[in-house]
Number of protein chains: 2
Amino acid sequence: MSDTTLKKISQVLGISISTVSRALKDHPDISAATKKKVLELADTLEYEPNATAVNLRTKKTKLFGLMVPSVTNMFYDSFISAIEEESRKTGYSLLILQSNDNPEAEVENLKLCRQNRVSGLFACYSFETNNLAAFDKVKAADIPLIFFDKVPDQTDYNKICLADKEAAVMAAEALQKKNKKNILAIFGSRQLSITKRRLESFTASFDKKKNAALHIEHAHSTSLAEDITLQYFQKLDKPDAVFCMSDEILMGAMKSLMRLGISIPGDTGVIALSDGSIPKLYYPEIAFVETSGYNLGKLAFKRMSECLNGDKEIHEDLVPSRLVEGGSL
Amino acid sequence: MSDTTLKKISQVLGISISTVSRALKDHPDISAATKKKVLELADTLEYEPNATAVNLRTKKTKLFGLMVPSVTNMFYDSFISAIEEESRKTGYSLLILQSNDNPEAEVENLKLCRQNRVSGLFACYSFETNNLAAFDKVKAADIPLIFFDKVPDQTDYNKICLADKEAAVMAAEALQKKNKKNILAIFGSRQLSITKRRLESFTASFDKKKNAALHIEHAHSTSLAEDITLQYFQKLDKPDAVFCMSDEILMGAMKSLMRLGISIPGDTGVIALSDGSIPKLYYPEIAFVETSGYNLGKLAFKRMSECLNGDKEIHEDLVPSRLVEGGSL
DNA sequence: ATTATTTTCGCAAACGTTTGAAGCAAATTT
DNA sequence: AAATTTGCTTCAAACGTTTGCGAAAATAAT
């Protein structure tokens with residue numbers, strides 16, 4: 001039974017509850033003899049401290065909230081994975097919440113976080129929401145809030161982002177180094193700030209003198225990326241390289257390339273921004289600039305720890321990228 | 001501030017705590033007038049009930065534990081996603097735990113579940129653990145336990161599994177219908193019961209008279225599946241079909257097929273057991289027998305609800321499969 | 001006007017911990 | 001021998017709710 005409480009132990013042993021409590025946490029006040037007795041009984045009775053009682057008494061919970069748009073997304077998975085690892089190390093548990101890019105679910109989730117008195121919250125900024133009020137409520141409740149990946153523009157929030165600009169530049173440079181002249185570049189939804197950043201620095205870093213043709217397209221879904229790619233490679237003047245801003249886009253593009261029997265890197269080169277799991281599915285493996293959800297998670301957690309230690313400053317941190325060659329360029 | 005409590009509201013309004021509590025939950029004892037007052041003040045003070053206090057008092061938590069080997073796995077993701085959706089609908093939250101196939105992390109996680117007094121636990125049986133003692137502890141604590149996907153052999157646990165046998169048979173029949181005669185069939189780790197079930201019914205359902213050659217192989221990882229496939233397709237007598245027991249295996253097999261330029265379905269057919277996300281990456285899309293983590297999750301949650309409603313019976317439920325044609329056979 | 005009934009509310013205990021302060025022996029110092 | 005210290009233990013309050021029960025006030029029935 002898990003209905004073993006301090007009280008029960010104390011009654012069996014004929015000592016007070018407080019003594020039991022202190023004995024269990026190895027308090028110096030308690031004699032070795034009683035400590036031993038208590039520990040042993042607690043063991044045989046399979047005592048487990050009641051977390052809710054502890055939380056209530058100490059006004060702290062060893063609990064983090066973590067809200068993602070969707071859990072069925074490799075990027076967020078690896079983020080979650082990183083947070084979970086670190087959380088467990090430090091004795092915290094994770095409350096996972098999905099917003100499904102749905103504003104109502106989002107405020108519902110945030111309410112849950114407040115009710116559960118989470119010690120901190122990692123959240124993604126669902127772009128359908130231009131309503132930060134619900135987030136401000138958690139801030140007002142003194143819950144450290146860290147936005148990751150998709151973050152609001154406002155400056156008064158902690159943010160951990162991928163080094164989008166840097167990554168886009170690395171991809172652009174890799175393409176130029178290979179002397180690509182006719183590039184299909186597929187980006188995500190226009191309204192995402194992440195798209196804007198990547199798009200800007202990508203285009204900007206092309207050397208005008210080398211006048212490569214850049215075909216900029218936007219796809220908000222895998223299948224749209226597939227269509228776009230199909231279209232471009234059915235033309236006579238086929239691109240000699242494809243740049244994909246994300247895994248979702250890469251998946252679509254690759255499907256069309258496979259369909260048309262385009263050989264990589266013979267007929268065309270491919271490079272993507274990705275965390276790597278998708279690029280490694282293909283042969284040759286697709287070159288990618290790593291945008292690691294895992295590293296993002298590690299950094300976010302680090303920032304959270306600092307916040308928990310009383311750091312009230314507002315930071316915006318970036319996770320560095322690196323180019324992973326894959327034989328596709 | 002989230003430090004608004006019933007007490008505070010009661011003081012401001014000059015009424016008792018219990019009245020406030022009852023007013024907030026629309027108790028018939030309370031007059032409409034005071035209800036209105038209370039509701040309004042609670043609103044402006046942004047009152048949120050303290051979940052830990054509620055839990056302590058009611059001895060219930062609106063919290064489920066969910067332990068998976070790893071969160072970076074599309075199958076488990078869709079499972080998690082399903083559970084999360086249903087949980088939120090019913091006002092529950094989700095504690096996510098990763099075991100990483102590590103027995104120590106597993107017992108640690110189970111302890112966390114007990115300490116947090118979760119109302120129920122969904123768990124995967126990490127095959128490295130032949131130690132069910134930790135699970136028995138949560139059962140002893142009267143926490144409904146539902147194993148999913150990988151489950152122990154013992155009969156005294158609730159289990160929700162994929163209809164492995166059925167699925168394997170469907171795949172075998174699909175292969176025979178296409179008259180495949182030289183089949184490479186790659187299965188997962190031998191020690192997994194899931195492998196045993198799939199392997200048995202797969203082989204058994206082949207019609208002996210048609211004497212198709214079956215090459216049974218085992219791969220516990222993607223890269224091993226890749227190697228095996230490479231090996232078989234470098235022979236003169238190439239298989240005319242590949243069967244992959246899981247997504248991990250499919251990914252490896254496909255990589256080698258791409259590498260060798262084997263055309264699908266021209267040179268060889270491919271079929272897999274999968275939840276579908278991976279097969280849809282390729283062109284043509286790979287035929288698969290659906291083993292949906294999402295449906296598994298929905299069913300597991302249904303079972304959990306029953307348990308919570310006092311159903312003490314032990315069930316073993318199966319999620320039905322269906323064949324999804326994909327142009328790869 | 002008295003009793004009975006309903007409506008509305010408050011008291012107080014309980015859930016299982018933690019923790020400052022106080023109690024009380026025995027041991028040590030003056 | 002009195003005073004102080006030390007070592008161990010207990011008391012009691014508090015965290016924020018929920019809830020059975022009783023009480024007062026308002027309404028209805030006699």
Side-chain angles (χ1 to χ4, degrees), chain A residues 1-39 41-42 45-63 91 112 114-119 141-142, chain B residues 1-39 41-42 45-63 91 112 114-119 141-142:
Chain A
M1 335 282 183
S2 88
D3 49 0
T4 307
T5 69
L6 294 184
K7 193 174 175 185
K8 196 168 205 172
I9 297 183
S10 77
Q11 285 170 343
V12 174
L13 257 35
I15 59 183
S16 80
I17 295 181
S18 20
T19 304
V20 177
S21 173
R22 292 195 167 97
L24 284 174
K25 32 180 55 71
D26 206 21
H27 191 104
D29 270 6
I30 307 299
S31 73
T34 55
K35 268 180 193 168
K36 184 154 172 275
K37 277 195 307 183
V38 171
L39 257 342
L41 187 59
L45 257 41
E46 292 187 348
Y47 170 77
E48 289 291 348
N50 184 321
T52 60
V54 174
N55 292 343
L56 178 60
R57 172 59 227 237
T58 61
K59 303 194 91 178
K60 283 178 186 162
T61 68
K62 297 292 251 177
L63 200 60
L112 270 176
R114 299 207 313 280
Q115 290 184 350
N116 282 307
R117 304 294 195 267
V118 296
S119 303
D142 258 330
Chain B
M1 337 282 181
S2 88
D3 50 0
T4 308
T5 67
L6 294 184
K7 193 174 174 185
K8 196 169 205 170
I9 297 183
S10 76
Q11 285 170 345
V12 175
L13 257 35
I15 60 182
S16 80
I17 295 180
S18 24
T19 304
V20 177
S21 172
R22 291 192 169 100
L24 286 173
K25 30 181 58 71
D26 204 24
H27 189 105
D29 269 7
I30 307 298
S31 73
T34 55
K35 268 180 192 169
K36 184 154 172 277
K37 278 196 305 184
V38 171
L39 257 341
L41 186 60
L45 256 42
E46 293 187 346
Y47 170 77
E48 289 292 349
N50 184 321
T52 59
V54 175
N55 291 343
L56 178 60
R57 171 60 226 236
T58 62
K59 304 194 88 178
K60 284 178 185 161
T61 68
K62 295 292 251 179
L63 199 60
L112 271 176
R114 298 206 313 280
Q115 291 184 349
N116 282 306
R117 304 296 195 263
V118 296
S119 302
D142 259 328

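Within every chain, numbering begins at 1; the chains are lettered A, B, ... in the order of the sequence lines, protein sequences first and strands thereafter.
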Rounded to whole Å, the NZ-P distance (K7(A) to dA12(D)) equals 15 Å

Closest to the side chain of K59(B), out of dC9(C), dT17(C), dC15(C), is dC15(C)

Does a side-chain N or O from K25(A) land closer than 4.0 Å to OP1 or OP2 of dT19(C), or not?
no

Using a 4.0 Å heavy-atom cut-off, does T34(A) contact any base of the nucleic acid, only the sugar-phosphate backbone, or nothing at all?
sugar-phosphate

(request) Pick base, sugar-phosphate or nothing for L56(B), based on heavy-atom distances below 4.0 Å to the nucleic acid. (result) base

>> Between the base of dC9(C) and the side chain of S31(B), is there a donor and acceptor pair under 3.5 angstrom?
In response: no

Against the side chain of S18(B), the closest entry in dC11(D), dA12(C), dT9(D) is dA12(C)

Side-chain atoms of I17(A) come closest, of dT17(C), dG16(C), dT17(D), to dT17(C)

_Does a side-chain N or O of S16(B) approach OP1 or OP2 of dG10(C) to a distance below 4.0 Å, or not?_
yes

Rounded to whole Å, NE2 of H27(B) lies from P of dT19(D) at a distance of 10 Å

Main chain of R117(A), side chain of T61(A): is a donor-acceptor contact present, judged purely on distance under 3.5 Å?
yes

Output for pair (D26(A) CG, K35(A) NZ), nearest 0.5 Å, gives 4.0 Å

E48(B) atom CD is separated from dG16(D) atom P, nearest whole Å, by 15 Å

Checklist entry - Quick one: the side chain of D29(A) and the base of dC8(D), do they pair up donor-acceptor inside 3.5 Å? => result no

Between CZ of R117(A) and P of dT17(C) the distance, given in whole Å, is 21 Å

Of dG16(D), dG16(C), dC15(D), the nucleotide closest to the side chain of N50(B) is dG16(D)

Checking T19(A), V38(A), V20(A) against I30(A) for side-chain contact (heavy atoms from CB on, under 4.5 Å), the one that qualifies is T19(A)

Would you say the base of dC15(C) and the side-chain of T58(B) have a donor-acceptor pair closer than 3.5 Å?
no

To the nearest angstrom, the CD1-C1' distance between I30(B) and dA25(D) comes to 14 Å

note: L24(B), atom CG; dC9(C), atom P; distance rounded to Å ~ 13 Å

Contacts of A53(B) and T19(B) projected onto DNA chain D by closest heavy atom; the upstream (5') one is A53(B)

Taken to the nearest whole Å, CG/L45(A) to C1'/dG16(C) is 15 Å

Closest of dT17(D), dT19(C), dT9(D) to the S21(A) side chain is dT19(C)

Exercise for review: Look at the side chain of R22(B) and the base of dT8(C), then say whether one donor and one acceptor between them are separated by less than 3.5 Å.
Suggested key: no

When rounded to whole Å, the CG to P distance for the pair N55(B) and dT17(C) reads 14 Å

Testing dC9(C), dG10(C), dT17(C) for proximity to the side chain of I15(B), the answer is dG10(C)

Flag, side chain of S21(B) to backbone of I17(B), donor-acceptor distance under 3.5 Å:
no

Checklist entry - Under 3.5 Å, side chain of T52(B) to main-chain N/O of N55(A), donor-acceptor pair present? => result no

**Q.** Min side-chain heavy-atom separation L41(B)-Y47(B) under 4.5 Å
**A.** no

